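Reading through the structure tokens given below for one structure.
Note that ligands are numbered from 1 as they come in the structure, with each ligand's atoms numbered from 1 the same way. In this chain, residues are counted from 1 in sequence order. Everything quoted here is computed from the prediction, not taken from an experiment.
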Amino acid sequence: MADAPHDLDVVVIGAGFSGLYMLHKLREIGLSARAYETGTGIGGTWFWNRYPGARCDVQSIEYSFSFSHEIEQEWDWSELMPSQPEVERYLNFVCDRLDLRRDIQLETTVVSAKFDEHDSTWTVTTSTGERVIARFLVGATGCLSAPLEPNIKGLHSFGGVSLYTNRFPSEGHDFSGERVAVIGTGSSGVQSIPVIAAQARSLHVFQRSAAYTLPSNTRPIDAQELAELKAAYPEIRRAQQEALAATARFGAFAALREPASRAILETPREEQLSALDERGWLGAFAWTDALVNYEASQAATALYGEMIRRVVKDPATAASLVPDYPFGCKRPCIDVGYFETYNRENVTLVNLKKDPIIEITPSGIRTEEQEFEFDVIVFATGFDAMTGALRRIDIRGRGGQALADVWATSPAGYLGIQVAGFPNFFTVTGPGSPSVLTNMVASIELHVEWIADCLAHLQATGCRTIEALPSAQDEWIEHGAAIVQGRLSTHETCTSWYLGANVPGKTRVYMPYAGGHPAYRKKVESVVAAGYEGFALT
Ligand code: FAD
Ligand code: N01
């Protein structure tokens with residue numbers, strides 16, 4: 001059957017790591033494609049999150065594309081853990097090096113995409129009024145790209161400056177002489193707080209959940225080390241493929257990888273404390289039982305609290321900084337001088353578990369017990385993760401069914417690559433994929449290459465559609481749920497974005513696949529080897 005008329009083979013939504021590589025692969029297999037991107041620049045996460053202190057927690061040498069030996073060798077990383085400006089520069093370098101810009105349309109948001117069952121095409125409309133017909137649609141919209149406004153009364157009544165870490169102004173912000181509030185102590189809050197504190201006249205940190213944060217071991221890379229690392233690329237990339245989190249060198253959490261030999265619950269207190277002396281912050285968690293058993297995790301958290309008390313001088317502040325949920329429930333943060341910041345005279349911690357926010361007022365923030373005046377409020381309040389960006393687009397599959405409705409009850413997905421009922425629509429790092437539990441660049445490359453191979457296969461075999469089977473999708477979801485059942489990451493005290501628990505009304509389901517990168521990679525490869533098992537090709 002001849003193809004129905006269409007403008008493009010593929011529409012790609014987003015121009016971060018995923019969208020850029022997808023465009024490149026589509027060109028390689030001879031398909032026409034365009035990427036639409038809301039931002040005024042490319043880079044996705046690394047374009048939007050330009051808050052002070054923003055930095056990667058995976059080593060630069062690994063948080064980078066592996067598909068091009070030339071790019072690996074041509075680009076020079078300057079630091080072990082790259083900062084936001086450096087990753088943004090890297091992505092712009094890749095974009096130019098591969099001449100991708102001519103197929104990227106910036107400042108254009110995809111607002112709807114509708115599948116035509118007769119023609120097997122997608123009709124895509126954009127915020128600029130464009131209407132494009134494509135055979136395939138790729139959501140490269142990111143797992144952490146839909147900003148979440150906090151559910152606080154009076155949010156928009158504030159008369160000073162409101163800043164969001166995930167939409168930070170490109171010109172930056174000089175906090176000198178200002179009275180500043182930061183709401184939120186996840187990764188973005190923890191990274192920005194020390195930098196803001198060093199500039200501001202005063203800083204009040206509004207903390208609901210205390211953070212688990214470990215010191216970033218970043219440092220400059222000199223020319224000799226860089227040359228050695230570049231020479232070791234093949235070996236590093238091979239090791240990534242065999243590592244659970246797709247990191248050979250494990251970024252900030254390297255010491256956690258060393259096998260623990262003792263259970264914290266069987267170790268006398270004095271010896272527990274010696275572990276802190278020997279291993280620092282990681283000594284709190286390097287036990288055989290600390291990440292698997294709730295009672296043991298509480299003991300590990302108590303040790304972590306001891307580390308905090310060793311740094312933070314005010315006992316009440318130190319006590320408030322100890323989390324009340326297990327390590328591993330949320331993504332651990334990395335920081336540069338976070339706890340030391342609370343010893344500064346201009347910094348105050350407001351513990352919202354004891355004194356909750358009532359409202360934001362025209363002049364500041366009112367809690368149950370206090371009223372504060374600010375010049376600036378920085379919201380480090382996170383994202384509607386994994387499903388948020390695609391739910392904000394009116395995507396309609398078979399029978400006019402809306403993706404937003406499907407995902408209102410469950411973040412369904414087969415392998416995190418497709419959703420049953422939405423033919424010829426692919427999600428890069430969608431729900432049900434390891435994505436956010438790994439070095440995401442490795443996960444993104446795996447998905448993009450899988451999708452490109454799949455499209456080449458459809459071309460070669462003359463198939464017009466590919467679609468996940470509901471039965472395969474259900475089995476995959478059950479398998480994913482079985483893996484996390486009973487884990488601390490789904491413990492009742494856990495309110496992570498992995499579980500959707502940070503978004504009011506979102507179904508509580510653990511969204512990423514926790515079986516690890518190697519097992520997942522083998523699965524997606526075996527699906528192809530078995531003739532796209534679990535998919536219908538027509
Ligand atoms: P994104 O980079 O999020 O890009 C998606 C793009 O799609 C965005 O630019 C967005 O504007 C665009 N878009 C969305 N909807 C639409 C629409 N309707 N129309 C048009 N465009 C749209 N991962 C790690 O592995 N290690 C790290 O250290 C790490 N650090 C991080 C730090 C921060 C601050 C954040 C927020 C995330 C971090 N991540 C990290 C995760 C990070 O998101 C991924 O590593 C990676 O950058 C994702 O790339 P992406 O292209 O899939 O998505
Ligand atoms: O967002 P978050 P983030 N009132 O959701 C609080 C990646 N990342 O942008 O936990 C008061 O983690 C909320 O409190 P609680 C990384 O994967 C990586 O910081 O819901 N507080 C929490 O403290 C990360 O996990 C890096 O109780 C409110 C904070 O806001 C992900 O992105 C750097 C509130 C949100 O924390 C998201 O990180 C940055 C309210 N109404 C980001 N609403 C690296 O270093 C929310 N909060 C790699």
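At the top of the distance list for atom 38 (C) of ligand 1, counting protein heavy atoms only, stands Thr45 CG2, 4.0 Å. Closest to atom 45 (O) of ligand 2, if we only count protein heavy atoms, is Gln191 NE2, 2.8 Å. In this structure, the protein non-hydrogen atom closest to atom 16 (C) of ligand 2 is Arg331 CD, 3.7 Å. Nearest protein neighbour of atom 27 (O) of ligand 2, counting heavy atoms only, is Ser209 OG, 2.6 Å. Among protein heavy atoms, atom 12 (O) of ligand 2 sits closest to Gly186 CA, 3.7 Å. When only non-hydrogen protein atoms are considered, atom 5 (O) of ligand 2 lies nearest to Trp497 CD1, 3.6 Å. Of the protein's heavy atoms, Ser188 OG, 2.7 Å lies nearest to atom 9 (O) of ligand 2. Scanning the protein for heavy atoms near atom 1 (O) of ligand 2, the closest one is Gly382 CA, 3.2 Å. Annotation: atom 18 (C) of ligand 2 to nearest protein heavy atom, Ser187 CB, 3.8 Å.
The side-chain tip of Lys330 does not point at the ring of Tyr212 from less than 6.0 angstrom away and within 45° of straight on.
Any N or O atom pair closer than 3.5 Å counts here, and Val110 shares at least one such pair with ligand 1. Below 3.5 Å of separation, one finds an N or O of Ala380 facing an N or O of ligand 2. For ligand 2, the polar-atom distance check finds an N/O of Lys330 within less than 3.5 Å of one of the ligand's N/O atoms. In terms of polar-atom proximity, Met440 is counted as a contact of ligand 1, with an N or O under 3.5 Å from an N or O of the ligand. Considering backbone and side-chain N/O atoms, Thr109 never comes within less than 3.5 Å of an N/O atom of ligand 1. For a threshold of 3.5 Å applied to N or O pairs, the pair formed by Tyr51 and ligand 2 contains no separation below that value. Between Asp57 and ligand 1, at least one pair of N/O atoms sits closer than 3.5 Å. Taking any N or O of Cys143, backbone or side chain, none lies under 3.5 Å from an N or O belonging to ligand 1. Of the N or O atoms in Ser18, one or more lie within a sub-3.5 Å distance of an N or O in ligand 1. Residue Ser188 has no N or O atom closer than 3.5 Å to an N or O atom of ligand 1. At least one N/O-N/O distance between Trp48 and ligand 1 falls below 3.5 Å.
Looking at Thr381 against ligand 2, both its backbone and its side chain come within 4.0 Å, counting heavy atoms. Only the side chain of Ile183 comes within 4.0 Å of ligand 2, counting heavy atoms alone; its backbone N, CA, C and O stay farther away. Of all the heavy atoms of Thr185, the ones lying under 4.0 Å from any atom of ligand 2 are found in both the backbone and the side chain. The proximity of Phe47 to ligand 1, defined as any non-hydrogen pair under 4.0 Å, does not occur for either the backbone or the side chain.
Those atoms of ligand 1 that come under 4.0 Å of a heavy atom in Asn439, given as number and element, are 25 (O). Close approach of ligand 2 to Asp57 is summarised as follows: ligand atoms under 4.0 Å from at least one heavy atom of the residue are 48 (C). Residue Asn49 approaches ligand 1 through these ligand atoms, each under 4.0 Å from one of its heavy atoms: 34 (C), 36 (C). Under a 4.0 Å criterion applied to the non-hydrogen atoms of Gly184, ligand 2 contributes the atoms 6 (C), 23 (O), 29 (C), 30 (O). For ligand 2, the atoms closer than 4.0 angstrom to any heavy atom of Arg55 are 44 (C), 45 (O), 48 (C).
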Could you give the side-chain donor-acceptor pairs of residues 428-436 under 3.5 Å, partners two or more places apart or in another chain?
unit_1 : atom_1 : unit_2 : atom_2 : d
Ser433 : OG     : Gly430 : O      : 2.7
Ser433 : OG     : Ser435 : OG     : 3.4
Ser435 : OG     : Ser433 : O      : 3.1

Just list the side-chain donor-acceptor pairs under 3.5 Å for residues 150-158, sequence neighbours left out, or say none.
unit_1 : atom_1 : unit_2 : atom_2 : d
His156 : NE2    : Glu149 : OE1    : 3.2
Ser157 : OG     : Gly154 : O      : 2.6
Ser157 : OG     : Ile360 : O      : 3.1

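The closest side-chain donor-acceptor pair between Gln84 and Asn49, if any, does not fall under 3.5 angstrom. Asn92 and Arg101 form a side-chain donor-acceptor contact under 3.5 Å, judged by distance and modelled atom types alone. Thr247 and Gln240 form no side-chain donor-acceptor contact under 3.5 Å, judged by distance and modelled atom types alone. Thr128 and Thr126 form a side-chain donor-acceptor contact under 3.5 Å, judged by distance and modelled atom types alone. Counted by atom type alone, Lys353 and Ser320 present zero donor-acceptor pairs between their side chains at under 3.5 Å. Looking only at atom types and distance, the side chain of Arg396 has no donor-acceptor partner in the side chain of Gln401 under 3.5 Å away.
Comparing Val436, Ile13, Ile334 against atom 16 (C) of ligand 1, the shortest heavy-atom distance belongs to Ile13. Selection from Met440, Gln84, Arg208 by nearest heavy atom to atom 20 (O) of ligand 2 gives Arg208.
For the pair Glu79 and Arg219, the salt-bridge criterion is not met [side-chain N within less than 4.0 Å of a carboxylate O]. A salt bridge does not link Asp7 to Arg131: none of the charged nitrogens lies less than 4.0 Å from a carboxylate oxygen. Arg237 and Glu72 are joined by a salt bridge, as a carboxylate oxygen and a charged side-chain nitrogen come within less than 4.0 angstrom of each other. A salt bridge does not link Glu369 with Lys354: every distance from a Lys NZ or Arg NE/NH1/NH2 to an Asp or Glu carboxylate oxygen is 4.0 Å or more.
Using a 4.0 angstrom heavy-atom cutoff, Thr108 counts as in contact with ligand 1. At least one heavy atom of Thr438 sits under 4.0 Å from some atom of ligand 1. The shell of residues lying under 4.0 angstrom from ligand 1, judged by heavy atoms, includes Ala140. Ligand 2 lies nowhere less than 4.0 angstrom from a heavy atom belonging to Thr495. For Tyr63, the closest heavy-atom approach to ligand 1 falls below 4.0 Å. Ligand 2 lies less than 4.0 angstrom from a heavy atom belonging to Phe383. At least one heavy atom of Leu352 sits closer than 4.0 Å to an atom of ligand 2. Not close to ligand 2: Thr165, with no non-hydrogen atom less than 4.0 angstrom away.
Between Tyr342 and Tyr338, the ring-plane angle classifies as perpendicular under the 30° and 60° cut-offs. Taking the six-membered ring where the residue is Trp, Phe285 and Phe327 present parallel rings, their angle staying beneath 30° rather than reaching 60°. The aromatic rings of Tyr21 and Phe67 lie parallel to each other, with less than 30° between the two planes, well short of the 60° mark.
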Practice task
Report the C-alpha distance between Gln191 and Arg55 in whole Å, list the side-chain angles of each, state the deciding distance to 0.1 Å, and finish with yes or no for side-chain hydrogen bond (donor to acceptor under 3.5 Å, both in side chains).
Solution key: CA-CA 8 Å; Gln191 287 188 328; Arg55 186 178 290 285; over 6 Å; no
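A donor-acceptor pair is defined here as one N or O able to donate and one able to accept, closer than 3.5 Å; such a pair exists between the side chain of Thr185 and the backbone of Ser209.
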